Amino acid sequence: MSQHSVLLLPGDGIGPEVVGEAKKVMEAVASLHDFGIDFSVADLGGVAIDNSGSPYPESTKELAKAADAILLGAVGGPAWDGLPAAERPERGLLAIRADLDLFCNLRPALLYPQLADASSLKPELVAGLDLLIVRELTGGIYFGEPRGIEADESGLRRGFNTDVYDENEIRRIAHLAFQFARKRGGRLCSVDKANVLEVTMLWREIVSDLASEYPDIELSHMYVDNAAMQLVRAPKQFDVVLTGNLFGDILSDTAAMLTGSIGMLPSASLNSESRGLYEPVHGSAPDIAGQGKANPLATILSAAMLLRYSLNEDAAAKSIESAVERVLDSGLRTGDIAAPGESVCSTADMGDAVVTALSAA
Ligand code: IPM
Ligand code: MG
């Protein structure tokens, strides 16, 4: 029987509630599929600042390096909004991404037919939507130096950041995007701003050069402003979208909204050894924290991605995904995915229903 180790980072806001449900589901699926998971738990984000003064404490770092995979809830909240940029909970998330070299961020946007009415677009535009955003996560303007806010002699302040990618950083994420396109619909759209920004001129050149190694993949390029427009005009034209850190941050929120509920969307952040950090795309939702209202499905689906990409337990991942489908079929809804007037279940009800659906399969 294989034994895996998973680090849980519940984090802030609704994080602990949704991670709790995902843990239940992982325990159930492990016993059904005959493998074991040793769980450990650590602090990241605001809770880490409160308990130990740093958003990414040394103790968390050690456990993160030792684990086969990490499941994160969410970080941040109004309690820490007043802190200077360098001390905010979000810095903990950026630090763990950089520390573990999690350069490959996968953000699928899948529309569940059961929830088609929840999309902000007309059902015919989104029916069957299934796209994957591959976002570079440890480079670009998020990490580029120099950065800062400085005053000149007269006291006039200027803020600045640096958008920078070297060829190797572009190549390693592009290779993965081509490979994901191969496992999916065979189409890759690389998004840049190569009409203005040199850094993305290089991006476009490197991605184009790799195309000869993937003759079976249909490669296209799109400027980011057009991509933003196309995502809300005709999103089904996309299969795999490859882009840098900042554009990926923005486009992935747009893609998420097309599916109707950001409460449904998982994500994976992987390094070159496929070790990874998995988290729901939604944030810490402080307005509903601790009330049992949060939708745990994005975290449960993140746990499925964790099983697939880091633990190599594909059958278990599929069991979770089909259990989620069956729960949606049964009509169970948390507030974020309920139609007006429809009755609403709690976070724990939803987690329990997935566990029941797993064993019923
Ligand atoms: C995301 C978030 C983060 C990001 C923040 C919380 C640092 O928006 O994961 O998309 O900008 O990458
Ligand atoms: Mg974001």
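Each ligand, and each atom within it, is numbered from 1 in the order the structure gives. Here the structure is a predicted model, which is why all the values come from computation and not from measurement.
Salt-bridge formation is detected for the pair R88/E90: a Lys NZ or Arg NE/NH1/NH2 atom is positioned less than 4.0 Å from an Asp or Glu carboxylate oxygen. Under a 4.0 Å N-O distance rule, the pair D166/R172 does not qualify as a salt bridge. Salt bridge status for R157 with D152: absent, with no side-chain N to carboxylate O gap under 4.0 Å. Between E321 and R308, at least one side-chain N (NZ, or NE/NH1/NH2) sits under 4.0 Å from a carboxylate O, which counts as a salt bridge. Between K24 and D352 there is a salt bridge, since at least one side-chain N of the basic residue sits less than 4.0 Å from a carboxylate O of the acidic one. Electrostatic pairing of E325 and K318 does not count as a salt bridge here, judged by no charged N lying under 4.0 Å from a carboxylate O.
Scanning the protein for heavy atoms near atom 8 (O) of ligand 1, the closest one is D249 OD1, 3.2 Å. With hydrogens left out, the protein atom closest to atom 11 (O) of ligand 1 is Y142 OH, 2.5 Å, a heavy atom. E90 CG, 4.4 Å is the protein heavy atom nearest to atom 5 (C) of ligand 1. The protein heavy atom nearest to atom 1 (C) of ligand 1 is R107 NH2, 3.3 Å.
When the Mg ion (ligand 2) is compared with the N/O/S atoms of D249, atom OD1 turns out nearest.
Among R88, R91, E279, R97, the residue whose heavy atom lies closest to atom 3 (C) of ligand 1 is R97.
Residue D253: no N/O/S atom is found under 2.8 Å from the Mg ion (ligand 2).
Of the heavy atoms in R135, only side-chain atoms (C-beta onward) come closer than 4.0 Å to ligand 1.
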